[in-house]
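What follows is a short report on a single structure.
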Amino acid sequence: MEYSEAKVIEEQYSNDEEIGSYMYFFEHNNKKWCIDATKESPWKGRLINHSVLRPNLKTKVVEIDGSHHLILVARRQIAQGEELLYDYGDRSAETIAKNPWLVNT
Ligand SMILES: C[S@@+](CC[C@H](N)C(=O)[O-])C[C@H]1O[C@@H](n2cnc3c(N)ncnc32)[C@H](O)[C@@H]1O
């Protein structure tokens, strides 16, 4: 979804302590976008945790048939049974204050 729409929804989520951070913000072609994976779905990507210190995946935007998609790519060889982790990327002071694990895991 577009950034402006996502920021409104993010604000609504922030009023509910039961809702975690399942929104991923990214840029593509100089425009800001967001994937909101908050609602339960069959997509497994929404279950992957964050790490800035030891991520083994990274996000990448790919164009398929004229539309863009966010995919996760291995940064290195990943052993069977190893937890998949990527950097959620959010470094805003407000988000870090609520989710200190963004900078220390
Ligand atoms: C996209 S979900 C990841 C899947 C989630 N752990 C689950 O079981 O549904 C993001 C949420 O997982 C938790 N999370 C992800 N990475 C974390 C980390 N490194 N340390 C603590 N909590 C984390 C936070 O509650 C965050 O809001």
Side-chain angles (χ1 to χ4, degrees):
M1 69 176 64
E2 295 199 14
Y3 181 80
S4 54
E5 181 187 357
K7 292 306 280 184
V8 172
I9 294 171
E10 185 185 43
E11 176 66 27
Q12 292 166 358
Y13 290 158
S14 71
N15 296 324
D16 185 341
E17 287 185 6
E18 305 239 316
I19 296 179
S21 175
Y22 284 64
M23 300 184 87
Y24 184 82
F25 290 88
F26 63 102
E27 275 194 37
H28 178 59
N29 289 345
N30 296 319
K31 192 170 168 181
K32 291 180 180 176
W33 297 93
C34 173
I35 291 187
D36 179 6
T38 305
K39 288 198 180 111
E40 280 198 37
S41 77
W43 302 103
K44 303 289 186 257
R46 71 184 292 281
L47 298 176
I48 299 177
N49 283 335
H50 158 90
S51 175
V52 66
L53 302 178
R54 52 186 183 91
N56 50 21
L57 301 176
K58 61 182 175 187
T59 56
K60 183 178 176 183
V61 181
V62 292
E63 296 268 354
I64 302 173
D65 294 334
S67 56
H68 63 276
H69 299 259
L70 192 76
I71 64 170
L72 290 160
V73 181
R75 295 167 64 106
R76 57 167 173 77
Q77 194 72 25
I78 300 172
Q80 189 173 346
E82 201 178 331
E83 181 180 9
L84 299 176
L85 298 163
Y86 71 101
D87 182 355
Y88 290 0
D90 195 338
R91 302 285 189 272
S92 72
E94 190 188 352
T95 312
I96 290 168
K98 288 181 190 162
N99 305 281
W101 46 267
L102 281 168
V103 287
N104 63 20
T105 63

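Just follow the structure's listing: the first ligand is 1, and inside any ligand the first atom is 1.
- Put simply, the side chain of Asp87 gets close to the backbone of Gly89: a donor and an acceptor are under 3.5 Å apart.
- Sparse packing is recorded around CD of Glu17, with 12 or fewer heavy atoms of other residues, nucleotides or ligands lying under 6.0 Å away.
- Classification of the Tyr3-Phe25 ring pair by plane angle, with boundaries at 30° and 60°, yields perpendicular.
- Under 4.0 Å is where a charged nitrogen must lie from a carboxylate oxygen, and between Lys98 and Glu94 at least one such pair does.
- In this structure, Glu83 has no salt bridge (charged side-chain N to carboxylate O under 4.0 Å, His left out) partners at least two apart in sequence or on a different chain.
- A distance limit of 4.0 angstrom between heavy atoms and ligand 1 selects the residues Gly20, Ser21, Tyr22, Arg46, Leu47, Ile48, Asn49, His50, Tyr88, Trp101, Thr105.
- Using a 3.5 Å distance cut-off with no hydrogens or angles, the side chains of Asp36 and Tyr13 do pair a donor with an acceptor.
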